[in-house]
Amino acid sequence: MITRFAPSPTGKLHLGGARTALFNFLLARHNGGQFVLRIEDTDTARSKSENVTSILGALQWLGLEWDGQPVFQTARTELYQQYADKLVDQGLAYWCHCSQEKIDATRAQLLAEGQKPRYDRTCRELNLGPAPGATIRFKTPLEGSIGWTDLVKGPIVIDSQELDDLVIFKSDGQPTYNFAVVVDDMTMGITDIIRGDDHVNNTPRQILFYQAFGHPLPAFGHLPMILGADKAPLSKRHGATSVMAFKALGYLPEAIINCLARLGWSHGDQEIFSLDELIKYFDLAHVGKSGAVFNQDKLLSLNAHYIKQTDPAALAEIMWPYLEDKGYTRPAGDMLTKMAKSVQIRGKTAVELADLSEFYLKTRIRSTDYALVRKTLTSQGMEVLKEASEALLHQPDIDHEGFEAILKKLSEKLEISIGAVARPIRLALTGSMASPPLFEIIKILGPETVQSRLLAAGH
RNA sequence: GGUCCCAUCGUCUAGCGGUCUAGGACACCGCCCUCUCACGGCGAAAACAGGGGUUCGAGUCCCCUUGGGACUACCA
């Protein structure tokens with residue numbers, strides 16, 4: 001089995017493309033086959049090499065390793081030419097000298113008469129040769145039907161009268177998409193073509209070409225589209241859609257893979273899948289037939305799950321770039337790991353992790369919420385800070401139990417609730433009312449920083 | 001317009017004729033836990049688009065309607 005992913009480098013790798021790549025990857029790996037890449041760059045006006053780099057980078061980041069070297073269509077023009085010539089020689093295709101204007105005119109006329117707009121096949125039996133501005137058209141059978149059993153949609157049949165005499169070679173000497181794809185898939189030995197729903201209508205045309213070449217048909221499977229919240233196909237206007245944009249937002253590749261896999265595929269009630277598990281369980285039989293709305297909340301929750309799963313040291317590395325962006329210098333030793341661990345269950349993205357742990361690195365804690373400061377650092381609050389500072393001074397290596405005891409003692413001494421004791425300390429230490437547990441913060445920050453922050457807030 | 005595809009909670013989905021008074025997950029709401037925020041635990045609410053068949057029996061099979069979508073290029 002050989003599957004392929006064939007992006008055109010007209011943009012970055014987006015969610016839809018990533019899922020197509022994932023399913024092809026999974027199908028191949030599940031069956032011990034190959035997964036290859038083809039870059040469809042024949043649209044030279046819109047194709048950019050930096051997009052190729054970025055698409056390959058995104059696939060790598062996701063962990064979708066491909067076999068061999070990517071094939072570039074622009075390097076194979078001669079091959080397409082040979083195959084087109086073959087069809088012309090066999091009388092299965094023909095040179096067409098009709099001008100674009102003429103074709104447009106007949107199309108418009110047919111449309112006006114309420115008929116199907118199509119080429120009128122003027123040149124079909126004229127046996128013309130090459131000429132400037134000429135195209136090569138395929139002799140589509142005038143009758144009969146074309147069908148295949150789609151791997152995800154089931155049997156599909158279409159009347160060949162629905163099809164025009166397709167142009168296979170453009171007047172600029174480049175093959176058309178449908179033709180190039182077939183030549184590529186044949187010569188690359190692709191056995192299973194898994195692609196987006198939008199290609200269902202291309203399939204009968206491509207089948208015609210396979211038949212013309214006397215080449216066995218590959219299996220086709222068409223994946224439903226990924227939609228935005230408004231049920232329209234996912235696009236830029238739905239916000240972040242490129243894989244790397246999600247990386248920048250602090251999402252983990254495991255979460256994106258898991259999320260994408262569950263968009264249109266299922267394995268009973270299981271929700272969490274590692275890439276290895278996906279390879280083990282993946283099958284086309286459980287791919288759904290209808291479009292799926294991409295739900296970023298679900299991705300977020302999956303991301304939170306994988307963040308919780310990640311080893312704190314590794315998480316520190318994932319989180320660090322975002323802290324670095326804020327202008328901090330990297331702390332020494334395992335400080336960063338401790339920080340990551342303390343916010344691990346609180347942050348749902350690497351960005352949130354950085355935001356939540358930022359207070360550890362600040363040189364000065366300041367809250368801009370003045371109302372809160374006024375409410376918390378009352379004379380009583382100040383008293384708490386002073387007392388806490390003294391209590392902690394004698395117990396720098398505090399643990400949960402020990403800190404609870406200190407809080408309790410203070411609460412009894414000052415005759416206020418435990419919460420009222422904790423509040424000013426939390427504000428002094430973190431600048432916020434939401435943070436990891438105080439004893440944990442104290443341990444990570446160390447006695448000197450704790451003292452100075454308590455004192456600084458006391459003024 | 002024509003051709004093709006699709007249709008279960010708000011969303012992703014399980015379901016492959018009887019085990020469905022329809023299960024799971026996310027989100028939402030409530031309760032518990034608790035030094036805050038979270039995590040976690042427990043619970044609630046929430047769907048078979050509509051209409052005809054077939055069958056002893058239909059979410060599951062067939063047809064129609066409705067509603068979505070794709071394609072209809074010398075774009076990929």
Side-chain angles (χ1 to χ4, degrees), chain A residues 6-10 40-43 45-47 73 96 98 100 103-104 107 111 114-119 133-137 150 152-154 156-159 161-164 166-178 180-181 196-205 222 224-225 227 229 231-233 259 262-272 285-286 288-302 304 308 343-348 356 400 403-404 406-408 411 417-423 425-427 430 432-439:
Chain A
S8 32
T10 52
E40 308 206 325
D41 54 354
T42 52
D43 185 350
R46 293 195 299 149
S47 296
Q73 286 190 321
C96 171
C98 295
Q100 187 70 61
I103 293 164
D104 288 345
R107 209 186 294 274
L111 210 53
Q115 297 206 40
K116 207 175 161 55
R118 60 176 4 146
Y119 173 59
T135 59
I136 301 179
R137 280 182 187 274
D150 196 272
V152 346
K153 304 221 180 241
I156 299 177
V157 183
I158 178 180
D159 203 317
Q161 288 178 48
E162 293 299 326
L163 269 25
D164 215 337
L166 300 147
V167 170
I168 60 175
F169 246 82
K170 302 185 264 184
S171 55
D172 65 358
Q174 290 293 321
T176 55
Y177 168 76
N178 280 122
V181 162
D197 225 351
D198 47 339
H199 288 292
V200 172
N201 291 289
N202 281 328
T203 306
R205 305 159 214 267
H222 291 93
M225 310 255 86
L227 316 172
K231 306 237 179 184
C259 184
R262 286 287 290 103
L263 268 188
W265 176 80
S266 62
H267 182 68
D269 282 343
Q270 188 170 342
E271 297 285 347
I272 304 294
H286 290 87
K289 296 179 179 184
S290 50
V293 174
F294 169 68
N295 184 201
Q296 197 164 335
D297 276 342
K298 193 127 183 179
L299 207 213
L300 192 63
S301 108
L302 247 11
K308 280 178 223 150
V343 294
Q344 187 162 27
I345 58 164
R346 270 163 270 267
K348 291 177 191 290
L356 291 170
H400 178 58
F403 187 70
E404 290 282 321
I406 290 177
L407 281 187
K408 200 162 173 222
S411 118
S417 71
I418 292 203
V421 178
R423 234 170 283 136
I425 302 178
R426 168 163 284 114
L427 186 64
T430 72
S432 150
M433 289 314 286
S435 81
L438 286 174
F439 74 95

| Pairwise P distance, B:A47 and B:U11 [rounded to whole Å] | 12 Å
| request: Ignoring hydrogens and angles, answer whether the base of B:C5 and the side-chain atoms of A:Lys153 contain a donor-acceptor pair closer than 3.5 Å. | output: no
| Donor-acceptor pair present, A:Asp269 side chain and B:A14 base, under 3.5 Å | no
| message | Students often get this wrong, so: under 4.0 angstrom with heavy atoms, is A:Ser266 touching a base, only sugar-phosphate, or nothing? | response | sugar-phosphate
| task | Could you tell me whether A:Gly196 contacts a base, only the sugar-phosphate backbone, or nothing, with contacts defined as non-hydrogen atoms closer than 4.0 Å? | result | nothing
| task | Quick one: label A:Asn202 by what it contacts on the DNA or RNA (base, sugar-phosphate, nothing), any heavy atom closer than 4.0 Å. | result | base
| query | If you look at every strand shown and take non-hydrogen atoms under 4.0 Å, does A:Phe439 touch a base, only sugar-phosphate, or nothing? | reply | base
| Between B:G15 and B:A22 - C1' atom distance, rounded Å | 8 Å
| task | Pick the P atom in B:C9 and in B:G50, then give their distance to the nearest Å. | result | 10 Å
| Donor-acceptor pair (no angle test) under 3.5 Å: A:Ser171 side chain, B:C74 base | yes
| query | Under 4.0 Å between a side-chain N or O of A:Lys408 and OP1 or OP2 of B:C35? | reply | no
| request: May I ask you to say what A:Pro436 touches in the nucleic acid, namely base, sugar-phosphate or nothing, with a heavy-atom cut-off under 4.0 Å? | output: base
| request: For A:Ser435, report the nucleic acid contact type (base, sugar-phosphate, nothing); a contact means any heavy atom under 4.0 Å. | output: base
| message | Can you see if the side chain of A:Lys170 gets near the phosphate of B:A76 - specifically, an N or O under 4.0 Å from OP1 or OP2? | response | yes
| task | Using the P atoms only, state how far B:A70 lies from B:A27, rounded to an integer number of Å. | result | 30 Å
| request: Scan A:Glu271 against the nucleic acid and name what it touches under 4.0 Å (heavy atoms): base, sugar-phosphate only, or nothing. | output: base
| message | Run the ring-ring contact (aromatic ring centres under 6.0 Å, His included) test against A:Phe439 and tell me which residues pass, sequence neighbours left out. | response | A:His400
| A:Thr10 near the nucleic acid: base, sugar-phosphate alone, or nothing, with a heavy-atom cut-off under 4.0 Å? | nothing
| query | In whole Å, what separates the C1' atom of B:G67 from that of B:A25? | reply | 27 Å
| Rounded to whole angstrom units, what separation is found between the NZ atom of A:Lys289 and the C1' atom of B:U60? | 12 Å
| message | Give me the distance, rounded to whole Å, that separates B:U60 from B:C48 when you measure between the P atoms they each carry. | response | 12 Å
| In terms of side-chain heavy atoms of A:Ala292, which of B:U3, B:A76, B:C12 is nearest? | B:C12
| request: For nucleotides B:G23 and B:C6, find the distance between their C1' atoms and express it as a whole number of Å. | output: 24 Å
| request: Classify the nucleic acid contact of A:Leu438 as base, sugar-phosphate or nothing, counting any heavy atom under 4.0 Å across all strands shown. | output: base
| query | With a 4.0 Å cut-off on heavy atoms, is A:Gln344 in touch with a base, just the backbone sugar-phosphate, or nothing at all? | reply | nothing
| query | Of the nucleotides B:U36, B:C74, B:U13, which has the atom closest to the A:Arg262 side chain? | reply | B:U13
| task | Using a strict cut-off of less than 4.0 Å between a Lys/Arg side-chain nitrogen and an Asp/Glu carboxylate oxygen, indicate whether A:Asp164 and A:Arg137 qualify as a salt bridge. | result | no
| If you take atom types as modelled and just measure distance, does the side chain of A:Arg423 reach the base of B:U36 with a donor-acceptor pair under 3.5 Å? | no
| message | Using the P atom as the point on both nucleotides, what is the distance between B:A49 and B:U13, in whole Å? | response | 15 Å
